[in-house]
Amino acid sequence: MKRNHIMQDISPDVALEILETPEKQIPTLLQLSDGMRAEMTSVGISLCSIINAKSGNCTEDCAFCAQSSVSSASCTPYPMMDGFSILSARRRAGELGVGHFSIVTSGSSPTQEELENICVIISRGSELKPFWCASLGLLSLRQLQLLSEAGLSRYHHNLETERTYFPEICTTHTWRDRINTICNAKLAGLEVCSGGIIGLGENLRQRVDMAFQLRDLEVDSIALNFLRTLFISRFAENGNHVRNSLSGCRVTRLCRQGTSR
């Protein structure tokens, strides 16, 4: 979901009403949302693709992640992939019409050697499409500047959830750490993709607050994820996940209007 420059400010109370829309009014809600889409953007769909370039053995305790230190999921770890494999995957993504291709790694942040290798890989294809994106965890301004200089165009880093609820899903780093990384990416001249996961046990007001936090950050693209409890976690039994597609429609409608500027 791309940010635009048409002011569509709404209050938090109105935003909450969107999330509480009765099911019988969902078609009207979708019609309004489609009208906004037609006014603000093209009719096309922009595709992005990722490669899980490094998997598992993460020291963070994010409760929703299959690769976290607290997960009991069966996940096969592997070290950083070689440049040839990553570039080949990107080339194939480009052939399929993908607009952005993202290198994604597990862990709180890459080692210096890993970061240098990623910069080399990006520089080898910086003049080609799809555009380079990366999701490498918590990074400093200097690290993001190095990526930008290598040819990275966009950095992805989710808030995951609203500020006050964040300690419920992660204790090994803070919500402020994530904000700092997003601000560093913007200072480095990169586009920013950020969003969160819906269905972590947050209430509707907290979903609204996260949407407004994303608007205040003025990110370029919003990533909406809806939790599926495919592995054993406390979310599998708590009933707080998104139960049907209508809930997802409400959240998407909110982020379409509530975060637009």
Side-chain angles (χ1 to χ4, degrees), residues 1-6 37 40-54 80-160 177-196 214-225 255-256 259-261:
M1 185 178 301
K2 294 183 178 180
R3 181 170 64 89
N4 56 75
H5 302 286
I6 299 178
R37 178 205 54 74
M40 297 175 180
T41 66
S42 66
V43 296
I45 296 176
S46 177
L47 300 176
C48 61
S49 180
I50 69 171
I51 185 167
N52 188 22
K54 177 186 174 185
M80 181 68 68
M81 295 175 64
D82 63 89
F84 178 80
S85 298
I86 294 174
L87 289 167
S88 296
R90 176 173 176 261
R91 188 178 305 109
R92 177 56 178 157
E95 292 170 353
L96 295 173
V98 170
H100 284 83
F101 181 81
S102 185
I103 299 175
V104 180
T105 58
S106 63
S108 61
S109 58
T111 65
Q112 182 62 29
E113 180 181 1
E114 289 171 341
L115 184 68
E116 291 174 356
N117 288 339
I118 291 171
C119 287
V120 170
I121 293 169
I122 290 173
S123 67
R124 288 176 179 171
S126 58
E127 75 286 355
L128 305 173
K129 291 185 179 181
F131 297 111
W132 281 110
C133 178
S135 184
L136 311 175
L138 305 169
L139 296 186
S140 67
L141 174 58
R142 182 54 185 154
Q143 288 174 312
L144 288 157
Q145 287 173 332
L146 291 172
L147 289 165
S148 178
E149 292 166 4
L152 190 73
S153 64
R154 176 178 292 181
Y155 194 72
H156 171 264
H157 196 66
N158 278 343
L159 294 182
E160 305 302 8
D177 291 331
R178 289 184 169 269
I179 292 291
N180 289 342
T181 294
I182 291 171
C183 292
N184 286 338
K186 291 170 72 71
L187 287 172
L190 295 167
E191 293 182 358
V192 174
C193 174
S194 183
L214 288 166
R215 186 179 70 176
D216 291 342
L217 286 167
E218 295 188 324
V219 298
D220 299 280
S221 183
I222 296 174
L224 290 178
N225 304 275
C255 289
R256 166 63 73 192
T259 61
S260 301
R261 282 191 182 269

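All heavy atoms count here, side chains included; hydrogens, waters and symmetry mates do not.
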> Given the rule in the side chain to side chain contact (heavy atoms under 4.5 Å, CB included) test, do Leu115 and Leu147 qualify, once you have shown the distances and angles that lead to the verdict?
Replying inline: CA-CA 8 Å; Leu115 184 68; Leu147 289 165; 3.9 Å; yes

> Taking only residues two or more places apart in sequence or in another chain, which ones pass side-chain contact (heavy atoms from CB on, under 4.5 Å) with Ser49?
Replying inline: Ala93, Val98, Phe101

Side-chain atoms of residues 128-140: list all donor-acceptor pairs with protein atoms under 3.5 Å, sequence neighbours left out, distances to 0.1 Å.
| unit_1 | atom_1 | unit_2 | atom_2 | d |
| --- | --- | --- | --- | --- |
| Trp132 | NE1 | Ile122 | O | 3.2 |
| Trp132 | NE1 | Gly125 | O | 3.4 |
| Ser135 | OG | His156 | O | 3.4 |
| Ser135 | OG | His156 | ND1 | 3.1 |
| Ser140 | OG | Gln143 | N | 3.2 |
| Ser140 | OG | Gln143 | OE1 | 3.3 |

Side-chain donor or acceptor of [X] paired with backbone N/O of [Y] under 3.5 Å:
{"X": "Asp220", "Y": "Val192", "value": "yes"}
{"X": "Asn158", "Y": "Gly195", "value": "yes"}
{"X": "Ser148", "Y": "Leu144", "value": "no"}

Please list all pairs meeting salt bridge (charged side-chain N to carboxylate O under 4.0 Å, His left out) that have one or both residues in [range], counting only residues at least two apart or in different chains.
{"range": "residues 134-153", "answer": "Arg142-Glu149"}
{"range": "residues 103-124", "answer": "Lys54-Glu114"}
{"range": "residues 97-111", "answer": "none"}

> For Glu95, what residues pass the salt bridge (Lys or Arg N to Asp or Glu O under 4.0 Å) criterion, not counting sequence neighbours?
Replying inline: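 If we apply the salt bridge (Lys or Arg N to Asp or Glu O under 4.0 Å) test to Glu95, skipping adjacent residues, the hits are Arg92.
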
Return the set of residues passing side chain to side chain donor-acceptor pair (under 3.5 Å) with [X] (not counting sequence neighbours), or none when no residue passes.
{"X": "Gln145", "value": "none"}
{"X": "Ser85", "value": "Asp82"}
{"X": "Asn180", "value": "none"}

